[in-house]
There are 2 protein chains.
Amino acid sequence: MVRDVTRRPTILDVAARAGVSKSTVSLVLQGSDQVRPETRDAVRTAMVEIGYVYNRAAANLRSASVGLVGLVINDLRNPFFTQFATTLQMTLAARGYATVIANSDEDPALQARLVGSMIEHGVAGLVISPAYGSAGATFDQLARTGLPVLQVLRKTDPRTDLFPFASFDYAAGSVAAARHLLERGARRIAFVGGLPGRAITQQRQSGWRTVMAEHGLDTVALEGKPTRAFGMQVAGTLHARHPEIDAAICFNDLVALGLIAGFARAGRQVGTDFRVVGFDDIEEAAQSWPQLSSVACDIDRFARDTAARLLDWMVDARRPAPEILMPVALVTRDSSIAPCPCAASHPTRIQ
Amino acid sequence: MVRDVTRRPTILDVAARAGVSKSTVSLVLQGSDQVRPETRDAVRTAMVEIGYVYNRAAANLRSASVGLVGLVINDLRNPFFTQFATTLQMTLAARGYATVIANSDEDPALQARLVGSMIEHGVAGLVISPAYGSAGATFDQLARTGLPVLQVLRKTDPRTDLFPFASFDYAAGSVAAARHLLERGARRIAFVGGLPGRAITQQRQSGWRTVMAEHGLDTVALEGKPTRAFGMQVAGTLHARHPEIDAAICFNDLVALGLIAGFARAGRQVGTDFRVVGFDDIEEAAQSWPQLSSVACDIDRFARDTAARLLDWMVDARRPAPEILMPVALVTRDSSIAPCPCAASHPTRIQ
DNA sequence: AAGGCTCTTTGGATCGTTCCAATTTCAGCG
DNA sequence: CGCTGAAATTGGAACGATCCAAAGAGCCTT
């Protein structure tokens, strides 16, 4: 009886070719050291010869470990999240895990479907930067599966014992930014961007509020979407209606870059009569002009740490700490310190 | 005999609970219309009651259709590719497919491993923007699997019958950009950015070369990495050594924005004495200052088309056309037309 | 030569679904 | 009431790997 040639070869075909049993082939696949080297090589050769491809679905059915990790992000178009996703995926790939990446686009219903789909695909763990909104059912479902799940950058479910949370110490960054601007002579510092009522907006504002209160200074917060467009819009408002304001801490670098672009359009030069500090220190911050001061969140390190914590949990069943805040560093550049548009830039990293 | 409570429930448990056979449960799962509505509802209720989750691995083992699509991208950090990946993933999600996204980081060896991993996971189709370099073995492997594979934005394997290719009509965009700059009075138009020898660089240059030749004008190409940093660097070079050059077509918007930032640092105003057109029309182009003229590649539409073509192939076995070039449109903004820095901008879409 | 020990190898059961052919159910009809 | 055909349901055989207990091979000891 001849085997159907159009069928994908299985370990049985490999076994027949190599003259061993399927169990031996399976052992070779798993890299077991209790197979004689000659046998192992013969099996490997047979695999190559007949073009065998491993069938993970079949393996998974029996052993329930999949080598697949889910990543759900609320806004994958934001370069900050893109960077996180990319580094996380590559770190996991280096450890032999494939990553299913999905964008919830800030939609809890879509997020629920995506998480459901990932559970079905049998992911071994999940990293989620959750969309805002009611996701109780989604997290309840995850709790029932007992899957390792990490909340990152945002915490929408308070059960950090079930869903450990990690983010950056934004409040400390906010303090550093405010102190720095005061030192450079600014007095009326506005906070620009960030959606009202959200935890992350409050965190990024909190240090600034504290420092301003310490110095008995008024605070103006112009809240809005964390986008370049909003930054540009605010530039117009500030220029026309709040000429007294001489500095801004922006919710993120996109807002800050929009603000700078808006000021430039109005013929006003950021860095001299107006100082700006952003959040995130995205790659572009060092390449814009003027170069943008920013509270640097080392997102690559954060992504690698996240991968490590997830792997610890998945592989060694070591549940990570319920809550971690990674330190941030203020990087000062032209947008907050330059005395003159033509001066060369020497970024300084403090704290 | 009582079932182990720690075990995940299977369709057998559902069947027992609903008082039907496993086959009926399977039919319900597949949304078959040959199940009586009452039975269907009873099964659905049972599923919810015992917290059943579908095991895709098992289903896949039998039926070999996985609902999983692979996406391999050479540079996921590039906003152009990010946008593509995000829209593709969301379009496929709407059709019930999950997407495994991976970044090859321009490394053919890593790319080979990623593709291998995706095949193992049993993806039903693959979209790849391949890394440059020797990937013959990878594509041979794909050819052997008979999987639907689309090459997008880059073609490293010439067998477009096996791996249909789709991209944008960059050459036409290049013609439009060059004509436009000449109309606005520019004469010495440089081409900036793009790695030497690559097909995409040649395509984006070709129209410009043709038009310049038609007008008997010299061409200067400053080739280099498609990054903001390279654009900034070139700004210095042009300013210092090529003051006669009065316009540039940039390989992409990142280079163009870097170039503009570099000119701004040198105190030179783009849009008046120097004109710039980029490629890709990324979101930022409309929000920078001056706003950037760009050859718009409708990446969202491209992503949706790609998803549709892949689904046609996977679901209906309709193999798509071997080669498609999607038309592009030149969007003119301040960086190539504004007579004065303070003028309001009125973007115009031509062609 | 037989027994004991370690190192390799093996067959059969198993995982949770889908597929298929066969069986049961049931309404309509003579 | 029995027959018929369509609709609904069912049991058993896959799918391709892993797991496990057990068997085989080889070597050393007595």
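Proteins come first, then strands; the chains are lettered A, B, ... in the order of their sequence lines, and each starts at number 1. All values below were derived from every heavy atom in this structure, side-chain atoms included, with hydrogens, water molecules and symmetry-related copies excluded.
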Name every donor-acceptor pair, under 3.5 Å, that has one atom in a side chain of residues 79-97 of chain B and the other anywhere in the protein, sequence neighbours excluded.
unit_1 : atom_1 : unit_2 : atom_2 : d
B:T82  : OG1    : B:L76  : O      : 2.7
B:T82  : OG1    : B:N78  : O      : 3.1
B:Q83  : NE2    : B:D300 : OD1    : 2.9
B:Q83  : NE2    : B:D300 : OD2    : 3.4
B:T86  : OG1    : B:T82  : O      : 2.7
B:T87  : OG1    : B:Q83  : O      : 3.1
B:T87  : OG1    : B:D300 : OD1    : 2.5
B:Q89  : OE1    : A:N103 : N      : 2.9
B:T91  : OG1    : B:T87  : O      : 2.7

Using residues 301-314 of chain B as the side-chain source, report each donor-acceptor pair under 3.5 Å to any protein atom, sequence neighbours left out, with the distance given to one decimal.
unit_1 : atom_1 : unit_2 : atom_2 : d
B:T306 : OG1    : B:F302 : O      : 2.7
B:D312 : OD1    : B:R318 : NH2    : 3.1
B:D312 : OD2    : B:R318 : NH2    : 2.9

Measure all distances between protein nitrogen or oxygen atoms and nitrogen or oxygen atoms of nucleotides 21-23 of chain D, and list the pairs falling under 3.5 Å.
none

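For the salt bridge (Lys or Arg N to Asp or Glu O under 4.0 Å) test, residues two or more places apart in sequence or in another chain that qualify with A:K155 are A:E323. A search for side-chain contact (heavy atoms from CB on, under 4.5 Å) contacts involving B:A42 returns nothing, not counting sequence neighbours.
Across the protein-nucleic acid pair, A:I11 atom CD1 and D:dT18 atom P stand 6 Å apart, rounded to whole Å. The interatomic distance linking B:L61 (CG) with D:dC15 (C1') rounds to 4 Å, in whole Å. Here D:dA14 presents its P atom at 18 Å from CG of A:N55, a figure rounded to the nearest Å.
Judged by distance alone, the side chains of A:S26 and A:Q30 do bring a donor and an acceptor atom under 3.5 Å apart.
Between A:D161 and A:R319, no side-chain nitrogen of the basic residue sits less than 4.0 Å from a carboxylate oxygen of the acidic one, so the salt-bridge criterion is not met.
Listed by first then second residue, pairs satisfying ring pair (Phe, Tyr, Trp, His ring centres under 6.0 Å) with a partner in residues 105-144 of chain A read A:F139-A:F163, not counting sequence neighbours. Residue pairs that meet the salt bridge (Lys or Arg N to Asp or Glu O under 4.0 Å) test with at least one member in residues 15-35 of chain A, sequence neighbours left out, are A:R17-A:E49. Screening residues 111-129 of chain A for salt bridge (Lys or Arg N to Asp or Glu O under 4.0 Å) gives A:E120-B:R56 as the qualifying pairs, with residues at least two apart or on separate chains.
Axis angle between the ends of the helix from C:dA1-D:dT30 to C:dG30-D:dC1, five pairs each and rounded to 10 degrees, works out to 60°.
Within a heavy-atom distance below 4.0 Å of DNA chain C, the residues of residues 35-54 of chain A found are A:V35, A:R36, A:T39. For residues 17-31 of chain B, proximity to DNA chain C is found at B:K22, B:S23, B:S26, B:Q30, defined as any non-hydrogen atom under 4.0 angstrom from a strand atom.
Contact footprint of chain A on DNA chain C: nucleotides with an atom under 4.0 Å from a non-hydrogen protein atom, first to last in 5' to 3' order, C:dT8 to C:dG16.
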